[in-house]
Amino acid sequence: MTRILQISDLHIMPEGQLLNGTIDTAAALRQMLAGLTGLLPVIGPVERLVISGDLTETGCKGAYDHLCHIMADAPLPWRAIPGNHDSREAMRTFAAQDDWMPDDGPINWREDLEDVTILGLDTLVEGSAHGALTDATLDWLSATLRDLRHRPVLIFMHHPPVETGISGMDTIGLTPNPRFKALLRDHDGAVQIACGHVHRMITGQFAGRPVTIAPGTSHAVGLDLRMDAGITFIPGHSGAVMHDIGTECRTLLISSDDFC
Ligand SMILES: [Fe+2]
């Protein structure tokens, strides 16, 4: 059994600043990391922590410096993919010492764990809130899946490939891409997709594959399913997700109520 923890949408600000002047995203991340650290003895062993995008709110160096300081207390080795609030080059500099970070191009990566291979896919379109998969990323994914043959795969990507019913978020979702759908449909092994972006636990299916959207670490997107509703934020409603993969696969929601 291989266990992977996922946190998402940290939205860290430069030190001393609050998100929208009200939400202390740094304090929320510190609480999340401390809570997960306390929980590890009863949910472990866990192999890896993956951050599924929006590491920072502003994409500026000051925010990544602040994040670097906070992540020093992470209880596990971690990897990350960019979200729409990130800046690819600032994020590359932030994680330049880590062997998973590519020297250039999209921030795609692969790690082979015991029961599953985890893949990170870069969906960032610099300067835009929506996401897209470039030809370079899909070429990389195609070659990687071909190499993996029947091996189970867990794909992390910030923008979900499914609509959520929250119209404000769906308008800034992933640009539909038939090639991506075909690659996932045609792969011989099991595939799961783990996303962020929506700050709310939602599950769905894409290309016949299960999709999980993780909650954020500090605030949720409001649950408003009316057509053309705007995006609202609710402080709290934070959580993490554990992917438990072996002969059986499970996806478990971890809420702050689980922290003692
Ligand atoms: Fe976000």
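Just follow the structure's listing: the first ligand is 1, and inside any ligand the first atom is 1.
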Any sub-3.5 Å donor-acceptor pair from T2's side-chain atoms to D115's backbone N or O?
->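 Yes, T2 side chain to D115 backbone: donor-acceptor pair under 3.5 Å.
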Of all the N, O or S atoms in D9, which one sits nearest to the Fe ion (ligand 1)?
-> OD1
When you measure from the Fe ion (ligand 1) to each N, O or S atom of H11, which atom gives the shortest distance?
->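 Of all N, O or S atoms in H11, the Fe ion (ligand 1) lies closest to NE2.
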Any side-chain donor paired with an acceptor under 3.5 Å for T144 and R110?
-> no
Between H11 and F233, does the ring centre distance come in under 6.0 Å?
->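 Between H11 and F233, the centre distance exceeds or equals 6.0 Å.
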Please confirm whether H199 and H219 have ring centers closer than 6.0 angstrom.
->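 Ring centroids of H199 and H219 are less than 6.0 Å from each other.
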What angle, in degrees and rounded to 10°, do you get at the Fe ion (ligand 1) when you join it to NE2 of H199 and to OD2 of D54?
-> 180°
